[in-house]
Amino acid sequence: MDVKLAINKRRAYRALKPFKITVKIIQELSKAAQLAPSCFNKQPWRYVFISDKKCLNDFRVALPDANNWAYDASLIIAVISEASLDCKLKDGREYYLFDTGIASGFMILRATELGLVAHPMAGYDAQKAKELLNIPTNMTLINIIAVSQHAENYKDFLTKEKIESEENRPPRMNLSEFIYINKYGISFNEKKF
Ligand SMILES: Cc1cc2nc3c(=O)[nH]c(=O)nc-3n(C[C@H](O)[C@H](O)[C@H](O)COP(=O)(O)O)c2cc1C
């Protein structure tokens, strides 16, 4: 699968079905993150792969009802970092979230290529999740990613809106709304370029 196809194929589906997590899967996803670029090659990303059934069950207390579709995920990846693990420039710029985001994006695309759904989520109780996963208090649990196979049938508990987004990709901004040419505020216009 080429990158363009993986980008197009990737979706944050919520209808999930279990699959067997192997060492190979963990290695493949990890290696995609491993090769990501980072500021001064600091590699600030840290991940916890949760695949043990009991640990996944225990983790449910950190998920709000709105994200109960993720109960069907065979793997939850906790995405963790901390500012001191990455560049902090004199003018205040910090790079850990950016770099960890790139690495996680690579991981998500590799999961897509492997035929899996990798659905990032911000909806969780960070304090409970950190306690359950033994994440040091100074570190940020940036995101969790629910990984599984895509189920053909929607679950009863998916709301109307969630079923809609299962069937149709949520709309995106036009390029002219977020791409500027030469100066901020000069929107990209293919006819004028
Ligand atoms: C940082 C982040 C947080 C998200 N949090 C949630 C979440 O808590 N629950 C959920 O169902 N989807 C969550 N999503 C998925 C988005 O809703 C989804 O990516 C977006 O609607 C676009 O749909 P698509 O990824 O299928 O193109 C999150 C995505 C990102 C990147």
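Atoms within a ligand are numbered from 1 in the order they appear, just like the ligands themselves.
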Among all protein heavy atoms in this structure, tell me which lies nearest to atom 26 (O) of ligand 1, with the distance rounded to 0.1 Å. Arg11 NE, 2.6 Å
Determine whether any protein heavy atom is located less than 4.0 Å from atom 16 (C) of ligand 1. no
Trp69 near ligand 1, heavy-atom distance under 4.0 Å? yes
Taking atom CD of Gln127 as the centre, report whether more than 12 heavy atoms of other residues, nucleotides or ligands fall under 6.0 Å from it. no
Among protein heavy atoms, which lies nearest atom 31 (C) of ligand 1, and at what distance? Pro120 CG, 3.8 Å
Of the listed options Arg14, His119, Arg10, closest to atom 24 (P) of ligand 1 (non-hydrogen atoms): Arg10
Assess whether side-chain contact (heavy atoms from CB on, under 4.5 Å) is satisfied between Val79 and Tyr47, documenting all intermediate values. CA-CA 5 Å; Val79 182; Tyr47 296 98; 3.8 Å; yes
Suppose we measure from atom 18 (C) of ligand 1 to each protein heavy atom; which comes out shortest, and what is that distance? Ala12 CB, 3.8 Å
How close do Pro44 and Thr100 get, counting heavy atoms only, and between which atoms? CG-OG1, 3.8 Å
Report yes or no: does a heavy atom of Ser165 sit under 4.0 Å from some atom of ligand 1? no
What protein heavy atom sits nearest atom 9 (N) of ligand 1, and how far away is it? Asn67 OD1, 2.8 Å
CD of Gln43 to CG of Leu35: how many Å apart, nearest 0.5 Å? 9.5 Å
Passes side-chain contact (heavy atoms from CB on, under 4.5 Å), Glu166 versus His150? Steps please. CA-CA 10 Å; Glu166 203 70 11; His150 190 203; 3.1 Å; yes
Atom 21 (O) of ligand 1: the protein heavy-atom neighbour that sits closest, reported with distance to 0.1 Å: Pro170 CG, 3.6 Å
Closest to atom 1 (C) of ligand 1 by heavy-atom distance, out of Leu158, Leu63, Asn143, is Asn143
Evaluate Tyr13 for polar contact with ligand 1, using N/O atom pairs at a separation under 3.5 Å. no
Is it the side chain (CB and beyond), the backbone, both or neither of Arg172 that lies under 4.0 Å from ligand 1, heavy atoms counted? side chain
Quick check: does any side chain N or O of Asp99 sit under 3.5 Å from a backbone N or O of Cys39, one acting as donor and the other as acceptor? yes
Counting distance only, does the side-chain N/O of Asn67 pair as donor-acceptor with the main-chain N or O of Ala70 below 3.5 Å? no
For ligand 1, which atoms sit closer than 4.0 Å to a heavy atom of Gly123? 8 (O)
Do ligand 1 and Ala122 have nitrogen or oxygen atoms that lie under 3.5 Å from each other? yes
First locate atom CD1 of Ile142, then atom CG of Leu97, and finally report the distance between them rounded to the nearest 0.5 Å. 5.0 Å
Any donor-acceptor pair under 3.5 Å from Asn174 side chain to Ser176 backbone: no
Are any of the N/O atoms on Met121, whether in the backbone or the side chain, positioned under 3.5 angstrom from an N/O atom of ligand 1? no
If you count heavy atoms of other groups shown closer than 6.0 angstrom to CG of Asn182, is the number above 12? no
